[in-house]
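Working notes for the structure below.
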Amino acid sequence: MRFDQRTHFAGELRPSDVGKTVCLNGWCHRVRDLGGLLFVDLRDRSGICQLFFDPAKFEGLKSLRSECVLSITGEVVMRSPEAVNPKIPTGEIEIRVDNFAVLADCDVLPFPVSDEEQMENVSEELRIKHRYLDLRRPSMYRSLAVRAECVRLIREFLDQRGFIEVETPIFTRSTPEGARDYLVPYRLEPGKFYALPQSPQQYKQLLMVAGFEKYYQIAKCFRDEAQRADRQPEFTQLDLEMSFVVQEDILTLAEAMTRHVCNACIQKFELDLDPVGPFPRISYDEAMRKYGTDKPDLRFGLELFDVTEIARQCGFGVFKSAADSGGVVRGAIYPGGGSLSRKEVEKLEEFAKSFGAKGLAQLFIAQEPKGIAKFLTPHEIEQIRSLAKANEGDLLLFVADQAETADGVLSRLRVEIAERCGLRDKRKLQFCWVLDFPLVIWNEEENRWDATHHPFTSPKPEDIQSLDTDPGSVRADCYDIVCNGVEWASGSIRIHDPELQARVFTLLGVNEATQRSRFGHILDAFKFGAPPHGGIAPGIDRLAMFLLGKENIREVMAFPKVGGGYDPLMDAPNTIDQAQWDEMGLMLKKP
RNA sequence: GCGGGCGUAGCUCAGUUCGGUCAGAGCGCCGGCCUGUCACGCCGGAGGUCGCGGGUUCAAGUCCCGUCGUCCGCGCCA
């Protein structure tokens with residue numbers, strides 16, 4: 001089809017363009033047919049401009065339907081003062097159309113594309129099935145534009161500092177550690193499979209051995225695990241690695257980059273966010289002690305407190321037995337919670353139970369303390385009040401259980417309390433560093449040590465001596481960036497000494513034969529002059545979520561999948577032809 | 001793997017408590033009217049396997065059982 005090329009973008013026309021004859025290409029956003037005159041809002045990537053049609057001059061105006069594709073020529077004219085629309089940037093002018101052509105018709109739409117308010121409630125599956133329509137909405141375009149700008153700023157920042165961007169393979173080998181792999185059958189040897197990378201971890205270390213020194217990649221990662229609002233089966237990380245660095249070098253670089261990228265985006269897109277400040281640093285131990293989690297939301301205080309020692313001595317059976325059986329008694333503070341109704345407190349208890357608490361003991365701080373006060377002496381109550389830094393009118397909530405359970409419950413309760421108290425400031429992106437993770441944690445079920453981060457993470461040099469005697473006490477050169485209670489980036493200094501790497505593998509229960517078969521390539525590589533190196537990997541999708549204030553990762557991905565990893569747009573995954581089964585040498589196992 | 005919410009017109013929802021004028025609304029769509037709208041307005045109309053299957057009942061959108069889909073969460077996510 002022939003059509004005239006546009007001379008201008010619809011959203012950029014202003015009174016200064018009055019008198020010009022322009023050609024616009026775009027979509028029919030909305031039609032207003034007043035009988036003796038007709039208006040169309042024409043939309044393109046840049047915005048919206050009102051078109052004026054004189055029905056006396058044209059045939060076929062009935063073919064102007066929502067979301068059809070239009071090409072028009074006409075003259076830019078001023079609107080009369082009372083006809084100005086202050087809601088849109090082009091509202092002072094309109095186009096008097098001389099010629100128009102419908103380049104493509106549009107069927108009845110599955111959802112109201114032009115109505116952002118109604119689109120809020122449209123089912124996600126339907127939006128994703130017709131994503132090409134959903135993405136026509138200016139708000140969706142803007143989300144992807146912010147995301148693209150993040151990536152552009154990252155590239156610019158790292159390129160200026162001498163990094164080289166390298167692509168690593170999507171077809172690689174399975175590493176049974178960590179998440180479940182996505183597998184791709186290998187045609188030439190039936191029974192063998194590629195795996196899609198959970199991250200480019202090993203490749204980037206090999207690039208360090210190769211002497212690239214400063215590498216990054218905007219890398220697709222694949223993990224076959226259950227989805228969440230902020231997790232998709234395939235997602236994107238900024239993967240970066242540097243040689244001849246210590247932990248401080250990575251921290252400095254990553255923090256500077258993050259602040260630069262965020263603040264530039266906030267400014268460019270006029271995002272509803274305060275500038276991102278320096279990142280506080282806290283140790284893993286401190287995070288666990290104060291917040292019960294290694295990803296604390298630091299927009300507010302509400303520190304947890306530990307009353308195990310008081311509990312051990314007290315006359316309250318629930319507390320005492322928990323303390324005596326190796327558990328803990330920890331608590332959270334609800335400022336002003338003394339005025340909550342019984343029903344509201346019950347809701348908090350239900351909340352706690354849904355995360356595994358057996359109960360939620362309450363202590364109301366007042367002239368006449370209530371709740372579990374009757375089981376405690378005035379001295380004990382005062383000790384607890386002091387530990388909790390509580391004042392009159394506050395409510396203290398306690399979980400008595402094994403430390404892991406108590407922390408799990410209380411860390412979530414703390415966030416819930418903050419939410420109810422309006423302490424989760426939407427304007428704030430509170431990044432922080434969490435440092436000094438333990439190298440390994442004991443896996444009760446499998447009866448072995450697991451790597452906290454991954455098996456290539458270096459122990460702190462000063463802790464290596466305890467590797468064999470007291471592995472649980474060994475800290476790692478490992479660091480996370482957390483933002484508003486969400487893990488955003490994770491990194492470490494890597495082991496570059498094959499002997500130390502072998503010792504760590506042995507600690508993790510990976511025997512020598514398995515080390516050879518599964519990690520031989522990287523152990524070999526390290527024998528040929530591996531430099532000290534380390535890196536970090538922040539999530540690109542989540543960064544876009546932070547900046548846009550989105551709770552859902554699908555809002556910042558062009559073509560996301562729904563719940564079970566299903567893509568309603570492509571109808572994938574799907575069956576394959578018998579010939580493809582045969583060619584792959586595969587058969588379906590009968591259930 | 002588990003728990004909870006939702007599933008009724010193209011879209012968003014009401015109706016499900018307590019089975020019986022209960023096939024409804026707004027938007028969209030179609031037709032008509034309309035010379036300054038911008039969520040245009042007014043009049044009229046079409047449109048439904050109440051997710052699917054089974055059961056109870058004289059009678060099921062409504063109650064029971066099963067199942068599928070989706071959303072949120074738990075487990076999982078080196």
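Between A:Phe53 atom CZ and B:U35 atom P the separation is 18 Å, expressed in whole Å. Rounded to a whole Å, the CG atom of A:Asp115 is 12 Å from the P atom of B:C29. Distance A:Asp450 CG to B:C77 C1': 13 Å, rounded to the nearest Å. The CD-P distance, from A:Glu82 to B:G36, rounds to 11 Å in whole Å. The CZ-P distance, from A:Phe39 to B:C40, rounds to 12 Å in whole Å. Counting to the nearest Å, the P atom of B:G10 and the NZ atom of A:Lys129 are 13 Å from each other. One can place CD of A:Glu116 at 19 Å from P of B:C11, the figure rounded to the nearest angstrom. In this structure, CG of A:Leu42 is placed 21 Å from P of B:U37, rounded to the nearest angstrom.
Applying the Watson-Crick and G-U wobble criteria (two distances, each under 3.5 Å), B:G7 pairs with B:C68. With a cut-off of 3.5 Å on both Watson-Crick or G-U wobble distances, the partner of B:G47 is given as none. Across all strands shown, the partner of B:C2 is B:G73, judged by Watson-Crick or G-U wobble contacts whose two distances both fall under 3.5 Å. Under the Watson-Crick or G-U wobble criterion, with both distances below 3.5 Å, B:C63 is paired with B:G55.
In terms of polar N and O atoms assigned as donor or acceptor, the side chain of A:Arg79 comes within less than 3.5 Å of the base of B:U37 in a complementary pairing. Between the side chain of A:Arg96 and the base of B:G36, at least one donor-acceptor pair of N or O atoms lies under 3.5 Å. Between the base of B:U37 and the side chain of A:Gln50 there is a donor-acceptor pair shorter than 3.5 Å. For B:C29, the base has no donor-acceptor partner in the side chain of A:Arg65 [N/O atoms by modelled type, under 3.5 angstrom]. Not a single donor-acceptor pair, N or O on each side, falls under 3.5 Å between the base of B:C77 and the side chain of A:Arg223.
Here A:Leu38 lies out of heavy-atom contact (under 4.0 Å) with every strand. Note on A:Glu350: nothing from the nucleic acid sits closer than 4.0 angstrom, heavy atoms only. Contact annotation for A:Val113: no contact, since no heavy-atom pair falls under 4.0 Å across all strands. When heavy atoms are screened at a 4.0 angstrom cut-off, A:Leu126 is found touching the sugar-phosphate backbone but no base atom. Using a 4.0 Å heavy-atom distance criterion, A:Asp33 is classed as a base contact.
The minimum heavy-atom distance linking A:Pro200 with A:Cys221 is given by the pair CD-SG, 4.4 Å. Contact detail for A:Val122 and A:Pro112: the closest heavy-atom pair is CG2-CD, 4.3 Å.
Under 3.5 Å, the side chains of A:Ser492 and A:Arg494 contain a donor-acceptor pair of N or O atoms.
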Please determine whether salt bridge (Lys or Arg N to Asp or Glu O under 4.0 Å) holds for the pair A:Arg14 and A:Asp17, giving the CA-CA distance in whole Å, both sets of side-chain angles, and the decisive distance to 0.1 Å. CA-CA 6 Å; A:Arg14 292 293 181 274; A:Asp17 297 304; over 6 Å; no
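The pair A:Lys295-A:Asp480 does not meet the salt-bridge criterion, since no charged nitrogen lies less than 4.0 angstrom from a carboxylate oxygen. The residues A:Glu67 and A:Arg43 are annotated as salt-bridged, a charged nitrogen and a carboxylate oxygen being separated by less than 4.0 angstrom. A salt bridge is absent between A:Arg420 and A:Glu344: the closest approach of a Lys/Arg side-chain nitrogen to an acidic carboxylate oxygen does not fall below 4.0 angstrom. Salt bridge absent: A:Glu416 and A:Lys347 never bring a charged side-chain N and a carboxylate O closer than 4.0 Å.
For B:A39 and B:C71, the C1' atoms lie 29 Å apart once the distance is rounded to whole Å. With C1' as the reference atom, B:C65 and B:G26 are 36 Å apart, rounded to whole Å. As rounded to the nearest Å, B:U57 and B:G20 have C1' atoms that lie 12 Å from one another. Taking atom P on both B:C72 and B:C50, the two are 28 Å apart, rounded to the nearest angstrom. Across B:C63 and B:A46, the matching P atoms stand 31 Å from one another, rounded to whole Å. Only the C1' atoms considered, B:A14 is 12 Å distant from B:A23, to the nearest whole Å. Rounded to whole Å, the separation between the P atoms of B:G31 and B:G47 comes to 16 Å. For B:A60 and B:G1, the P atoms lie 35 Å apart once the distance is rounded to whole Å.
Nearest-nucleotide mapping onto RNA chain B: of A:Val108 and A:Asp41, the residue sitting toward the 5' end is A:Val108.
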Would you list the protein and nucleotides 2-7 of chain B atom pairs, both N or O, that sit under 3.5 Å from each other?
none

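Residue A:Gln201 holds its CD atom at 3.5 Å from NE2 of A:His454, rounded to the nearest 0.5 Å. For the atom pair OG of A:Ser411 and CG of A:Asp294, the computed distance is 9.5 Å after rounding to the nearest 0.5 Å.
A:Glu241 places no side-chain N or O within 3.5 Å of a backbone atom of A:Leu207 that could act as its donor or acceptor partner.
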Which donor-acceptor pairs under 3.5 Å do the side chains of residues 50-57 of chain A make with protein atoms, sequence neighbours left out?
from    : atom 1 : to      : atom 2 : distance (Å)
A:Gln50 : OE1    : A:Arg32 : NH2    : 2.8
A:Gln50 : NE2    : A:Glu94 : OE1    : 2.9
A:Asp54 : OD1    : A:Ala56 : N      : 3.0

Determine, for nucleotides 66-74 of chain B in 5'-to-3' order, which nucleotides have protein heavy atoms under 4.0 Å from the base (write B), from only the sugar-phosphate (write S), or from neither (write -). ---SSSSSB
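You cannot call A:Phe111 stacked on the base of B:C11; the centres under 5.5 Å and planes under 30° rule is not satisfied.
Phosphate proximity of B:U37 to A:Arg32: absent, as no side-chain N or O sits under 4.0 Å from OP1 or OP2. Between B:A39 and A:Lys87, a contact under 4.0 Å exists linking OP1 or OP2 to a side-chain N or O.
Set against B:C13, B:C11, B:U35, the side chain of A:Asn121 has B:C13 as its closest nucleotide.
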